[in-house]
Amino acid sequence: MGIIRKLAIGVALLVAVPTLLMIFRLAQSQYHLVTMTHTMSEISPHDPVFSSPSYQRYFGGRRWAKIESFGSGIAISLATVRPELRTSPEVFAAEVFRLLWNSRMSTQFNGPPSPQPPGVGAVSASDSIRAEVVEANPTDMTLTITTIATGFTGGLEVIQVLFNHEQGAAGVLIKYIWHNDVVLPRKWYQYLSIWLQLTGRRIWLMNVLNNVGGVGDGYAADQGQEQEQSSPGVKAEL
């Protein structure tokens, strides 16, 4: 019995240690994402996004049963940004849009990276979700989100880029709004879905943070492959 008990304890440890290590790494990753990004648990109903042309076109003039929203953003010191991206807000924003679009394409169906930012009509789709660019301005971009199975366009995602040369800082903010025709009892997997949506955008923002930076006056050329080095970032209220 003593040998069997010891064997059982050994097997339990072999199972428990990797599991605990995985949980620790997941918690560490989440802590890093949360501390390096700013989160809006809900977008104010008075936010300008609700009066924007794109919002009014797709969702205005209709009474929705429930509107859910969140926002996530980062602030970046311009001192850490590659020199050619500091020339103007438009140049910086174009690179941000390209990086975020490539992250979406890679997440949804492992699509190849694009050397250019997306324009109006660009589509990224998986088996379940379809994202389409419906508005592209110099420092903001808007996408609609459609559920493939039902054909229901319920989501609007707005990406805003802030750029202040005088203060030496820039910011990127993603606002996500989802509309519901009916209110149903919330299932556990729906909470998980919201968490995954927010976590995914935090990861995309960190990819932006890691790829707009340079080291001194030199930096690695992109050539369609995102840089792997990290650059320091600053959390701020956006």
Side-chain angles (χ1 to χ4, degrees), residues 33-34 36-60 67-78 80-82 85-105 107 114 116-122 124 131-145 153-179 194 197-213 231 233-238:
L33 289 174
V34 170
M36 291 298 292
T37 59
H38 169 69
T39 301
M40 300 164 59
S41 58
E42 184 178 5
I43 297 173
S44 168
H46 304 294
D47 191 285
V49 68
F50 290 104
S51 59
S52 67
S54 291
Y55 186 88
Q56 292 301 315
R57 176 184 176 187
Y58 292 97
F59 304 104
I67 298 177
E68 299 179 274
S69 62
F70 66 77
S72 185
I74 54 172
I76 307 169
S77 169
L78 289 181
T80 68
V81 173
R82 302 201 308 264
L85 298 181
R86 304 178 206 161
T87 55
S88 71
E90 293 78 13
V91 170
F92 179 77
E95 178 67 356
V96 169
F97 295 151
R98 186 186 72 84
L99 290 168
L100 287 174
W101 184 254
N102 285 347
S103 292
R104 177 183 289 279
M105 295 276 283
T107 300
S114 170
Q116 301 294 332
V120 172
S124 174
E132 180 179 354
V133 179
V134 295
E135 186 176 347
N137 298 312
T139 57
D140 64 80
M141 183 170 69
T142 303
L143 304 87
T144 54
I145 310 297
T153 299
L156 190 78
E157 183 168 289
V158 179
I159 303 168
Q160 299 174 332
V161 176
L162 311 174
F163 188 94
N164 192 315
H165 240 312
E166 293 181 357
Q167 295 185 4
V172 183
L173 181 59
I174 300 176
K175 297 177 180 178
Y176 187 87
I177 306 169
W178 183 262
H179 304 78
I194 293 173
Q197 292 274 6
L198 178 57
T199 297
R201 282 155 182 80
R202 285 170 171 164
I203 293 173
W204 296 354
L205 287 169
M206 291 306 298
N207 182 58
V208 169
L209 188 65
N210 293 338
N211 282 283
V212 297
S231 301
V234 182
K235 178 181 176 183
E237 298 293 324
L238 298 177

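Any value given below was found using the heavy atoms of this structure, including those in side chains, with hydrogens, waters and symmetry copies removed. We're numbering straight along the sequence, starting at 1.
Residues F163 and L85 approach most closely at CE1-O, 4.0 Å, considering heavy atoms. For the pair G119 and V133, the tightest heavy-atom approach, listed with the atom from each and the gap, is O-CB, 3.4 Å. Between V120 and A136, the shortest heavy-atom distance links the atoms CG2-N, 3.8 Å. For the pair P118 and M141, the tightest heavy-atom approach, listed with the atom from each and the gap, is CG-SD, 3.7 Å. For the residue pair L78 and A170, the shortest heavy atom distance occurs at CD2-CB, 3.8 Å. A pairwise comparison of heavy atoms in S54 and T142 identifies CB-CG2, 3.9 Å as the closest pair.
Evaluation of the side chain to side chain donor-acceptor pair (under 3.5 Å) test over residues 44-53, restricted to residues two or more places apart or in two chains, returns D47-K175.
A heavy-atom distance below 4.5 Å is found between the side chains of T153 and F59. Two residues are said to be in side-chain contact when any heavy atoms from C-beta on lie closer than 4.5 Å; F50 and I177 meet this criterion.
You'll find the ring centres of Y55 and H179 inside the 6.0 Å limit.
In this structure, the separation between CZ on F97 and CG on D140 is 6.0 Å, given to the nearest 0.5 Å. To the nearest 0.5 Å, the span separating CD1 on I174 from CG on L198 amounts to 9.5 Å. Annotation: the span from W178 atom CH2 to I67 atom CD1 amounts to 12.5 Å, rounded to 0.5 Å. Distance check, rounded to the nearest 0.5 Å: CD1 of I74 to CG of L205 gives 5.0 Å. Rounded to the nearest 0.5 angstrom, E90 CD and E95 CD are separated by 14.5 Å. To the nearest 0.5 Å, the span separating CD1 on I194 from OG1 on T199 amounts to 11.5 Å.
Side-chain atoms of T39 do not come within 3.5 Å of backbone N or O of S41 as any donor-acceptor pair. Side chain of R202 to main chain of S72: no donor-acceptor pair is present (N/O by atom type, distance under 3.5 Å, no hydrogens or angles). Panel note: side chain N164, backbone E166; a donor-acceptor pair is recorded below 3.5 Å. A donor-acceptor pair is defined here as one N or O able to donate and one able to accept, closer than 3.5 Å; such a pair exists between the side chain of H165 and the backbone of R86. Here the side chain of R201 pairs a donor or acceptor atom with the backbone of Q197 at under 3.5 angstrom.
For E42, the CD atom counts as loosely surrounded, since its 6.0 Å shell holds 12 or fewer non-hydrogen atoms of other residues, nucleotides or ligands.
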Set out, in order, the CA-CA distance, both residues' side-chain angles and the distance that settles side-chain contact (heavy atoms from CB on, under 4.5 Å) for L173 and M40, then state yes or no.
CA-CA 10 Å; L173 181 59; M40 300 164 59; 4.1 Å; yes

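Taking a cutoff of 4.0 Å between a charged side-chain nitrogen and a carboxylate oxygen, E157 and R104 qualify as a salt bridge.
Checking L156, V134, I159, L100 one by one against L143, the side-chain contact (heavy atoms from CB on, under 4.5 Å) holds for a single residue, I159.
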